[in-house]
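Bear in mind that the values here come from a model prediction, so they are computed numbers and not experimental data. Every chain is numbered from 1 and lettered A, B, ... according to where its sequence line falls, protein lines coming before strand lines.
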There are 8 protein chains.
Amino acid sequence: MNEKDLKKILNGVRKGSMSDIQALEALKTLPFEDLGFANIDHHRSIRKGFPEVIYGKGKTTEQIIKIMENMSSKKCPVLATRIDKNKAPKIKKTFPKAKYHPASGALTLTTGKIENKGCGTILIVSAGTSDIPVAEEAIVTAEIMGNHVEHVYDVGVAGIHRLMNQKDKIRQANVIVVVAGMEGALPSVVGGLVSRPVIAVPTSTGYGASFGGIAALLGMLNSCSAGVSVVNIDNGFGAGYMASLINRKL
Amino acid sequence: MNEKDLKKILNGVRKGSMSDIQALEALKTLPFEDLGFANIDHHRSIRKGFPEVIYGKGKTTEQIIKIMENMSSKKCPVLATRIDKNKAPKIKKTFPKAKYHPASGALTLTTGKIENKGCGTILIVSAGTSDIPVAEEAIVTAEIMGNHVEHVYDVGVAGIHRLMNQKDKIRQANVIVVVAGMEGALPSVVGGLVSRPVIAVPTSTGYGASFGGIAALLGMLNSCSAGVSVVNIDNGFGAGYMASLINRKL
Amino acid sequence: MNEKDLKKILNGVRKGSMSDIQALEALKTLPFEDLGFANIDHHRSIRKGFPEVIYGKGKTTEQIIKIMENMSSKKCPVLATRIDKNKAPKIKKTFPKAKYHPASGALTLTTGKIENKGCGTILIVSAGTSDIPVAEEAIVTAEIMGNHVEHVYDVGVAGIHRLMNQKDKIRQANVIVVVAGMEGALPSVVGGLVSRPVIAVPTSTGYGASFGGIAALLGMLNSCSAGVSVVNIDNGFGAGYMASLINRKL
Amino acid sequence: MNEKDLKKILNGVRKGSMSDIQALEALKTLPFEDLGFANIDHHRSIRKGFPEVIYGKGKTTEQIIKIMENMSSKKCPVLATRIDKNKAPKIKKTFPKAKYHPASGALTLTTGKIENKGCGTILIVSAGTSDIPVAEEAIVTAEIMGNHVEHVYDVGVAGIHRLMNQKDKIRQANVIVVVAGMEGALPSVVGGLVSRPVIAVPTSTGYGASFGGIAALLGMLNSCSAGVSVVNIDNGFGAGYMASLINRKL
Amino acid sequence: MNEKDLKKILNGVRKGSMSDIQALEALKTLPFEDLGFANIDHHRSIRKGFPEVIYGKGKTTEQIIKIMENMSSKKCPVLATRIDKNKAPKIKKTFPKAKYHPASGALTLTTGKIENKGCGTILIVSAGTSDIPVAEEAIVTAEIMGNHVEHVYDVGVAGIHRLMNQKDKIRQANVIVVVAGMEGALPSVVGGLVSRPVIAVPTSTGYGASFGGIAALLGMLNSCSAGVSVVNIDNGFGAGYMASLINRKL
Amino acid sequence: MNEKDLKKILNGVRKGSMSDIQALEALKTLPFEDLGFANIDHHRSIRKGFPEVIYGKGKTTEQIIKIMENMSSKKCPVLATRIDKNKAPKIKKTFPKAKYHPASGALTLTTGKIENKGCGTILIVSAGTSDIPVAEEAIVTAEIMGNHVEHVYDVGVAGIHRLMNQKDKIRQANVIVVVAGMEGALPSVVGGLVSRPVIAVPTSTGYGASFGGIAALLGMLNSCSAGVSVVNIDNGFGAGYMASLINRKL
Amino acid sequence: MNEKDLKKILNGVRKGSMSDIQALEALKTLPFEDLGFANIDHHRSIRKGFPEVIYGKGKTTEQIIKIMENMSSKKCPVLATRIDKNKAPKIKKTFPKAKYHPASGALTLTTGKIENKGCGTILIVSAGTSDIPVAEEAIVTAEIMGNHVEHVYDVGVAGIHRLMNQKDKIRQANVIVVVAGMEGALPSVVGGLVSRPVIAVPTSTGYGASFGGIAALLGMLNSCSAGVSVVNIDNGFGAGYMASLINRKL
Amino acid sequence: MNEKDLKKILNGVRKGSMSDIQALEALKTLPFEDLGFANIDHHRSIRKGFPEVIYGKGKTTEQIIKIMENMSSKKCPVLATRIDKNKAPKIKKTFPKAKYHPASGALTLTTGKIENKGCGTILIVSAGTSDIPVAEEAIVTAEIMGNHVEHVYDVGVAGIHRLMNQKDKIRQANVIVVVAGMEGALPSVVGGLVSRPVIAVPTSTGYGASFGGIAALLGMLNSCSAGVSVVNIDNGFGAGYMASLINRKL
C-alpha cells in the first residue's frame, strides 16, 4: 500500500463509498512501511547515498551477479564483501567496471565519482601487516560511503616510536579506526592521543591464546582510554560503516 | 622542560655558550610532553572542556575528596563515577554544591552552566528498568560534557510497539546510546531504524546463562545492523563519553 | 519375551508345571519392553505416525541405504538428515521416490499422502538467507510428521518493518519456529508479538564473536520474552520435531 | 491515539475540514499500537487471562506494592517472582489475600477461582531436592495461568527405578517440565518415555564443574531425545509460562 | 650405572681402593633408576605384562614400524592407537601378524594367547553408533592388557528400555566403561544400577553446543551417581587402561 | 508391589480367579523395583554395607537430624558431608556418638566397628595444605565404607623429593586418591610411579587463572600418565566412594 | 637416612658384616634426599639466601605465628603474603620487628640488613592506582630476596607521554616487572622500549569483560613484543621472585 | 630527520637564519626516533646483535625473500619462523647458505660464527616427542641470538625418573626453557629442582580437554613452583628470545 492507495481510502471515506468501519479495517492492516513513512524514506536515503552491501561468504557467483545486476540497474553503488578471489574474475566479466580489492576480498561497482559526504578525514590505523585485509575492508567501505580516507599501517605498540611519528596525522583525523590483533593494545594508545572517536576492530591475527581474536576483543573492550568503542572480530566493514555515520555531514 | 627552557638552549647555541654536542644531548632527553606540544595542549583542552573523571570504586572517601579539591580549585567540572551511597553524604558535606545521582552512583560538581558543545541531541535508550543505573551514568557523563541529552526507558524488544511509539524521538537524535541486558537485542532493532551512530552498552542484568552480561555483549558485537559499536559491560560512562566525542561540534 | 511367552508362564503356573519360585525368577528378568507395554506401544505409535529419523552425518551411503530399506519395508515414512549432496544420487538410485532437499541436506521417503495430524499451522521464521538450511530442515521435519507448515524468510531485526509486514501470518500460526544466527534477537521480537509457543533455533551463522552460534544461543536463552524455549545450535530437526509435538492433535 | 481519534480524522476528511495532506500526516505518525490493533488486543487478552508478572529481584518492597496495587485494581491475577522472604510480610500486610510460596520466593494474588484454560495436565518433574525451588516457580506460574498442574519430585537418573515407578503419571501429562541440575540428564530420559513436549530447565544446583548450571544447560541442549527444548538456568517461570502456552486450549 | 657398577663400588670400599668420601660421591650422583630399583622393576613389569603403547597421531609410518620392531623383538605385545587407515597396510606388510581395528584405528601385535590377568569381566557400554570408535579403542586396550571384555552398544538414555534389557549383563561386570557423547547422561544411569566402578568416557560426538565433547565431559563430571570417574574426551585407551588396572588380579 | 503381591497374582491365575488378561495387565504395570529384583537388592546391599550419604549443603539442621534419625533407626552407618560447623553442635546434641570432622565438614555416625571390606589399602595423597579438607572428605568416606585408609600430605610437585621419600607407601597402596589444586600435576607424577588405579581430585585451591579449580581439572584430564581418572572439583566424597568400589573384595 | 647411616653401610660392607645383596637392598631404598645431595643442598641455599614464604590466605593467625617462630629461630628472613589486615596486629605483637605492608598485605621479618645479591636494579612499573597492591607485593618480594628495587606508578598506556617521561629509568633497569589490569597493554609498550626481560603481571582490576583479569592475561600472553613472559593474575609475589632469579649474581 | 638535520637547525639558529619560533616549530614535530635517541640506538643494537625475525605464516615466498635480501644486505643474521616446508626450497635457492630446520619450520641465515653473548647455558627441556617442534624453535632462536644451548627431550612427568637422571644438566643451566603440552606439569617439577629462572611454553599437543593448549597454559600459570613464567601457546620463539635476554652478559 502506498500514498495513492491511502488517498483512495480517504476519498472513499469522503465520498461515502467507504464506511468508517471499512476504513478502520483497511488502515489497521496497512503495512505502514509502504506508506513512505520516515522509516522507509530513511531507508531509501540510505540506499541512495550509501552502498548496498552484499555479504559474499556462502553465496554463489551466480547469486552475487544477480543481486549486483538488480542493484546496478538502480544506479546504486555496490559494495560486496568477502568475495573469494576465485569468484572475482567471473564477476568482473559481467561487470567490467567492477573493482576487486584482493587484500580484503571486497568488490566495488560505482558509476561516476562518489560525492564526499564527510565532515573530515577518516583515518585507518593498523598494527601489523596481517591486519591489513581488515583495514582495507574498512577503507573500501568508508570510501564508497563518500569519505576521504587515509591510512597508517604497521604502527604496533611494540615500537611505539613508529606510532609517535604519525601523531600529527592521527590528530588531524575526524574519526579513527584502529585495527589490531594479538593483544589489541593499539586503540588504547591511540585513544589516549586524540579527542576524536576511535572505533576499534579486533582481528583474528595471532596464535595460541589469541583464541581467534578473543584476546584482542577483550583488550579493546577493557581499554583504559575513554572514547573507544568496539566492533566484531575482523569486522572491517562494520568499522568503516560506523566511522562513516560519525563523519557524515548532518 | 618547557618552552622557556628550550629557548634557553637555542639561545646558548646562538651565543656559542653551548656546543652542538651539548645541545644535542639536552634535546635528546627532553621530555617532549613538557614542551607544550600538541599532545599536551590537546590534553589540556580536554581537561578544560571535558570533565576530570574519578573512578570511585576502591577509593576511600578521603581520597575522592582530595582529588576533588585539587580539581575544583582549577575550576574543572568534576565527574566521579561508582560512588558508594555511603560515601556520598560525607563528600557532599565538603562540597555542598556537588550533586549525587543515586541510581548510577555518579557524583558531579560544576560551577556555572555547562556550555553546550554538541551538534545535536544524544538519546539514551534502555531496555528494562534494571538497565536504568547504567543509562543514567551515560546521561550524567554526556550532560557534564556539554550535550543536550534525552532518554527513552523501558522499550525492550519483547514489546516492540513501545519502541515503535518512540520512533520519531529516536530518529531525531544525533547519536544514540542503547543500554540493554539479557539478550542485548535492542541495539540491532534501533540500529535498523536510524542512520546515525549507535553505541551499545551491554549490562549485567539477567541471570543464568546471561553470565553477568556476556550474552548481551556477544549479542551486540554480532548485531546484524551496521552502524553499531560496543563498549564494555555496564560501562555507561564509556558510552556517554564516546557519544559526546561523536556529537561534539568540530 | 513377548505376550505369548508370558502366557506360557501363567499357564505353567496354573497347570502346576511351574513353581512359584520358578515363575518369580522368570518374571524378574523379563524385559518388560518386549511385552508390548505402554512404553513400547508408544514407541510404535511414534514410529508409525512419526518418521524414523536417520542422522546421516558419519554414516556411509551403504549404511543409510540399508537402514532405509529396513524402514521402507515397514511402510514407515523415512526422514534422513544431514545427507551429503554426494551421497544423495546413489540413494535416489535405490529409492527413486526419495526426495532430496538440497538446502538442508534432508532426504525424505514417503508413500502416499501424509495424514495431517496437527491442530494448526507451524510457521518457520528465519532471519537471514544463511539461516535457510536450518529453517528448511525444520520444515521438512514438521511436514513429514503431518503438519501444515508455512514459512517467512529474511525478516531479521535490523529491518523490523519487514517482520511487521508479516504480523498477521505470525499471529495466525499455532506454533512458531524462529531460526536466527548472529545476535539471535528475532525470537524475542516474535515472542513479544504472539501468544503461542516459540521454538528458537540458534544457527552458526556469523563470524568473529558469534563463536559458531554461541552468541545466538545465549541471546535466545536470555530472551526477555516469555514463551520462548531453545534447541541446540543448527538443530532444525529438533525444532521441527518439538513444534510437531506441540501442534499435534491430542 | 485510539479509535475515537481515528474516526475524528476520517470525519474531518469526509467533512472537508481536513485536507488529504493533513490526514496523511496524521496517519503517518499514528502510534498504531494505540488503535486497538491485533497486537494490542492480543496483549490485552494476554494480560486479562494470563497474570501480570513482576520480576522481584532488585525492586524495593514499595515498588512491588505499588505495581501490585495498580494491577489488582484492574482485577488482574498477579504473579511476582523472586520475592525475598524479608519483603513478603510487608507485602502481605498490604494484600492480606496474597499468598507467598517460600520455596520459590513466588508471591501470588488472585481473586476468585482461576479458570482452567488448559487441554490437559502439566507435569513438573524434578531431579533432586535442591531443584524444588525452581520446580515450584514453574508450578505457581502454570497454575495462575489456568492449568491443572501435578508434580513428581526426587526422581533423578541415579536411581532410574524411582522414575520408572512414575511412568504412568509421566505418560498421561500433556506437557512436561523437567527441572534438573548437575549433569541435567533427566530430560533426555523423560523425553525418551513420552510423545509429548518436554521443557527442560537447568538449575544452578551442583558444585565444581557444574559451573552454576552450565553443565546441566549443555546437557539439555545436547539431549539425544527429540522433543526437548530448553529455557534459561533456574528459569522456572519461563518453563511454566511456555508449558502454559503449549497446554492452552485453542 | 647398573648393579654391576654398584658392586664395583662396594668392592672398592671393601678392598680399601675407594675411600668413604669417594664412595659417597659416587653414590650421591648415581642415577637410581638404572640400578634396577623398584621403580624400574615395576616399570619393567608393566612393560612385560601390559602392552607398550604407541600414540600413532603425528608419527610417520616409518617411525611406527621402527618402534614396533624394537618392541616385538622383546616379545612385548604391541598396542598402537590412532593409526591412520592409510598407514595400516604398510605396517601390516612388515608385521603380517599385526591386526588393524578399523573403527578405532587401533593396531595390535601379539604373540601367542594373551594371559587373562583380570578378576572379572570388563563391560564396555556405549550410547550411540558414533561412539563406537572410542568404545572399540577401550575394548582393544583392555583385551591386550589381559582382560575378558564384553560390550553393549547403542543403549542411549533416550530409549531407557534398551539399557534396562541389558541390566543383568551390566550388573555382572566387574568394571564398566561407559562411552557417550551429546549430553553424556549414560554413566549416571549405569552408575545408579551397579555397585562396581564406572569409568566414563565423553566423546566428541554431537554438534552445536556439544562443543566437541565439553557438554558430555561436564555432564559426566557432575554425575549424580557416586562411583563414576572420568577420563579425557575420546580417550578410549585411557578408559580401557584404567579399567584394566582396576580389574587386575592382585 | 512386593513378592507377596506377585505370588497373589500367580495364585489367582492358578486358581482361575484371575484371567490371563487381568494378570497380564497387573504384571505390565508392576513397579519392578518393588519386587526385590537385583536392582533393589543391590541397592539394599549398598545401603547396608555402604553408608547413607547426606549432602549437607542447603539442608537445615532439622532436616539433617530427621534424616539421620530415620537412618540410624535402621542401624545404617551415616555419612553426612559439607556440614557447616555451626550446625554440628546441635546435631551432636541429638546424636552424642556422632563424630564431626572439622576440616572437611563431614559428620559420621556408626555403631560398632566398621567391617573391613577392602582388598588392600587406600592411600590419599594431597599436594598442599589447603587441599587437606578435600582429602579428609575422601578419607572419611573410604573409612566408613570399610577400608583401611592411609594418607600422605604436602607432597606437591614443586618439591619432588618429598614425594619420592614416600615412594614405598605409594607403591604398596591398592588404590590411590590424589588431591591437588593449582596446576593439578601431582596425579600425573604419582600415576607414573605405580601400577594401581589413581583417582584424581582437582581442588578449587589457587587464585587468578586457577579459575576455581578448572586449571587443575584440565590438568588431570590431560594427564600424560595412563591409569588416572578424574572426579569433580573438590569432590573428595566422590573420590573416596570410587576408591572404595575399586578396593572392595568381590 | 643420612651420611652417617650411609657410612655405616659402607663400613659393614668393608668389614664383611654386610653382604653385597644386603647393601644393595639398603641402598635401593635410601631416600636420596636425606643424604644431603645437591637437591637438598640447593634447597638449603634457597632457604638461606631467599626468604621462606608463607601464603597467608586461609591460614589462622596462630598457624602463621607458629611457622614464623620456627623460621625466625633459624635466622631466616620471613616473607608472608596475603595477610589480612585484621591478623597483622596480633602477629606484630609476637614479632615486634615484623613489618606489615598494608597495600599488599605482605608481612616481612628480617634481622640485620639484607645483602644485595642482584646484578642491577629491578623496576616495578604499574598502570593504574588499583594495580599498586600487586606491584607492592612484587617490590616486597624482590627486596627481601636481596635486590635494589625501584618503581614507576600510574603510567598506563592511555597517557603514553607519562610512560615516555620515564624512559630513562625504564631503560636503566636490569629486569622490569610490569603490572597492569584492564586490557593489559603496558607490557607490550614497555617491552618495545627495552632490551632487558619483562615480567608481566595481569591484575584483576577492571569490570565487565575484564573477567577478573582474563582480558589482561590474554593481552599479555599475546604481546607483540618479544622478551615478555607472564605470571598468574595478581601474582605479584611470583613476578618479584622470578625477577630476583633473573637479577641474581651468578 | 637525523643528527645532520638537527645540526642544520642549530646552525640556522646560531647564524640567525632561523628564528626561535621557526626552530621551536621544527623541533616540536621532529620525529625523535630519527635523532638517534636511546630508543633507536637501543633498537639498532638489538638489530645488530640479535637477529631480525620474520614471522613466516601468511607471507608469500616472494615477500620472505625480499625481506631477507634487505636484511642480509645489512649483514644482519636472519631468523624466519613458521616457514612452510614447501617454501623452504625456493628460499634456499636464493640464499644457498640459509639453513632450514624442518621440525620447527625455522630458517636461519648467518654469516660467520655467531658471537657468544650469554652468561651460561640455556637448557631446553621438553616433555613429549610432539613438543619437539616448539622446543626446536626455542633452540634455533636462542642459538642465533648468541647463546650456548643444550636440550633434554622426552622427560615427561609420567616417568619422573627420566627427568631425575638429568638433574645435573638441569641444575647447571643458567636459564631453562620447559616445553610441555597436555597437563603442562613439567615446569612445576623442573622449577622445584633449580634456583634459576624457568620459562614455560605450553604446546597445543594433546586432544579433547587439552583445548589446543589451554590446559597446559593454565597449568603453567598456576605452577606451584616460584620462578616460573609463561609465554604463549606454541611460542618457542618467544621463550628462546626471553631466555636470551635473561642469559645475556650485561
Side-chain angles (χ1 to χ4, degrees), chain A residues 126-131 154-167 170-171 178 180-195 198 200 202-230, chain G residues 126-131 154-167 170-171 178 180-195 198 200 202-230:
Chain A
S126 76
T129 49
S130 43
D131 301 321
D154 205 17
V155 290
V157 297
I160 200 75
H161 57 283
R162 293 175 300 182
L163 182 69
M164 288 304 171
N165 272 339
Q166 305 285 348
K167 260 185 316 198
I170 290 169
R171 285 189 182 137
V178 183
M182 305 179 85
E183 78 271 64
L186 191 53
S188 294
V189 178
V190 172
L193 295 175
V194 301
S195 62
V198 171
T203 67
S204 52
T205 298
Y207 57 96
S210 78
F211 299 133
I214 296 181
L217 171 62
L218 294 182
M220 291 169 177
L221 285 167
N222 287 288
S223 174
C224 53
S225 293
V228 175
S229 65
V230 187
Chain G
S126 77
T129 48
S130 43
D131 302 321
D154 206 18
V155 290
V157 299
I160 201 75
H161 57 283
R162 292 176 299 181
L163 183 69
M164 288 306 170
N165 272 339
Q166 305 286 349
K167 258 185 321 199
I170 290 169
R171 285 190 181 135
V178 184
M182 302 181 89
E183 77 272 64
L186 191 55
S188 294
V189 178
V190 172
L193 294 176
V194 301
S195 62
V198 171
T203 67
S204 51
T205 299
Y207 58 97
S210 77
F211 299 134
I214 296 181
L217 172 62
L218 293 182
M220 292 171 177
L221 286 168
N222 287 287
S223 173
C224 53
S225 292
V228 175
S229 66
V230 186

What residue in A:Ala226, A:Gly206, A:Ala216, A:Ser225 has the most heavy-atom pairs under 4.5 Å with chain G?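 Option with the greatest count: A:Ser225.
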Counting a contact as any heavy-atom pair under 4.5 Å apart, which residues of residues 184-191 of chain A contact chain G?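 A:Ala185, A:Ser188, A:Val189 fall under the 4.5 Å cut-off.
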Any side chain to side chain donor-acceptor pair (under 3.5 Å) pairs touching residues 207-221 of chain G, not counting sequence neighbours?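 Output for this query lists B:Asn235-G:Tyr207.
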Sequence neighbours left out, what passes side chain to side chain donor-acceptor pair (under 3.5 Å) with A:Asn222? Give chain and number order.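 In terms of side chain to side chain donor-acceptor pair (under 3.5 Å), with neighbours along the sequence ignored, A:Asn222 is linked to B:Asn232.
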Side chain to side chain contact (heavy atoms under 4.5 Å, CB included) for A:Ile160 and G:Ile160? Distances and angles first, verdict last. CA-CA 9 Å; A:Ile160 200 75; G:Ile160 201 75; 4.0 Å; yes
Any idea which of G:Val228, G:Leu221, G:Leu218 has the most non-hydrogen atom pairs under 4.5 angstrom with chain A?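 Top count of heavy-atom pairs under 4.5 Å with chain A: G:Leu218.
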So which atom in G:Glu183 and which in A:Cys224 form the shortest heavy-atom distance, rounded to 0.1 Å?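 For G:Glu183 and A:Cys224, the tightest heavy-atom pair comes out as OE2-N, 3.0 Å.
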Of all residues at least two apart in sequence or in a different chain, which pass the side-chain contact (heavy atoms from CB on, under 4.5 Å) check with A:Ser204?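 Expected list: A:Ile233, A:Asp234.
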